[in-house]
2 protein chains.
Amino acid sequence: MFRYLSAAALAAAMVLPTLAQAEEPTDPNVNARHALMQLYAYNLGVLGGMAQARMDYDPELATEAATAIYHVSMAHADRMWPEGTEVGATADSRALPAIWENRAEFDAAAQALTASAESAMGSVGTDLASLQAALGGIGQNCSACHRTFRQPE
Amino acid sequence: MFRYLSAAALAAAMVLPTLAQAEEPTDPNVNARHALMQLYAYNLGVLGGMAQARMDYDPELATEAATAIYHVSMAHADRMWPEGTEVGATADSRALPAIWENRAEFDAAAQALTASAESAMGSVGTDLASLQAALGGIGQNCSACHRTFRQPE
């Protein structure tokens, strides 16, 4: 059952191996998309912490975190995923070839995240149940995209 | 003279030592603010490349980059700079104690960046001269904040 989502597990899975050692320098586009994912995880950690009662519910902080997720999604750029940056082709990448084989679906997944974050901005400050529902929506978009387009660790 | 700014130098100075090795793990808040700076640099690189004719002027791409800078600035959060994360107190930090000694000025500097990026969103697509002027405005805000609140390398 996918209820209010294992946000902690999600956030943990999204946190990037920023200290990983690479033989070759990481492509700036790959670094940029990792920075994007890191900011998603940072803010999802707040929502997840509240959803799972590891943190007190704070409507203002929840709204700030959801708003940040929305703005981070608006900084998502096509050029962060150029051809030749799939797993194995460049350092520090777990991007699956499916991204370039089905770019329209990949782009739609990014837009779905923006939509769920925009909706969450307006609802997570209402009460804890609203936060849990909104986080479920965001989390489903994260998971759906990762399942299809990112290689498991 | 501060004309259309040495954006390349600026971007280079902003790029973070993501592969730096730390004895202790970096604080998640410090990682998050570094990710923010990395996304600024990534997009400033586009504007700087065009301003200095290392890239063709592309109004659509310029607008995308300025828009991303605006949205990244909107993901800036107070909690990314908690007490105890100044240079020397935590791994990978060059944040000066001035941030906590004069928080109002620090916050105002962040807001000034948002304002200049919001203005740039609407102007960088007009022509190259407009892009250079807008980049100068953003760059002055970057530099002013770094001069006061970040330790030189």
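Bear in mind that the values here come from a model prediction, so they are computed numbers and not experimental data. Per chain, numbering begins at 1; letters A, B, ... match sequence-line order.
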Q | Atom pair NE2 (B:H76) and NE2 (A:H71), whose distance is rounded to the nearest 0.5 Å | A |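 NE2 of A:H71 is found 13.0 Å from NE2 of B:H76.
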Q | Reported CD-to-NE2 distance for the pair A:Q38 and B:H34, which is rounded to 0.5 angstrom | A |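 If I round to the nearest 0.5 Å, the distance is 10.0 Å.
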Linking I/L/V/M/F/W/Y whenever their side-chain heavy atoms sit closer than 4.5 Å, directly or via other members, would [X] and [Y] fall into one cluster?
X: A:L131; Y: A:L113; answer: yes
X: A:M74; Y: A:L47; answer: no
X: A:Y40; Y: A:V46; answer: yes
X: A:F106; Y: A:L96; answer: no
X: A:V30; Y: A:W100; answer: no

Of the listed B:I69, B:N29, B:L61, the one with the largest count of heavy-atom pairs under 4.5 Å with chain A is B:N29
Under the criterion side-chain contact (heavy atoms from CB on, under 4.5 Å), I'd like the reasoning laid out for A:L39 against B:M80: C-alpha separation, chi angles, the key distance, then a yes or no.
CA-CA 11 Å; A:L39 290 172; B:M80 290 178 179; 3.8 Å; yes
When you check the side-chain N and O atoms of A:Y42 and B:N31, is any donor under 3.5 Å from an acceptor? no
Query - Shortest non-hydrogen contact between B:E64 and A:A77, atoms and distance - result: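 Of all heavy-atom pairs spanning B:E64 and A:A77, the closest is OE2-CB, 3.5 Å.
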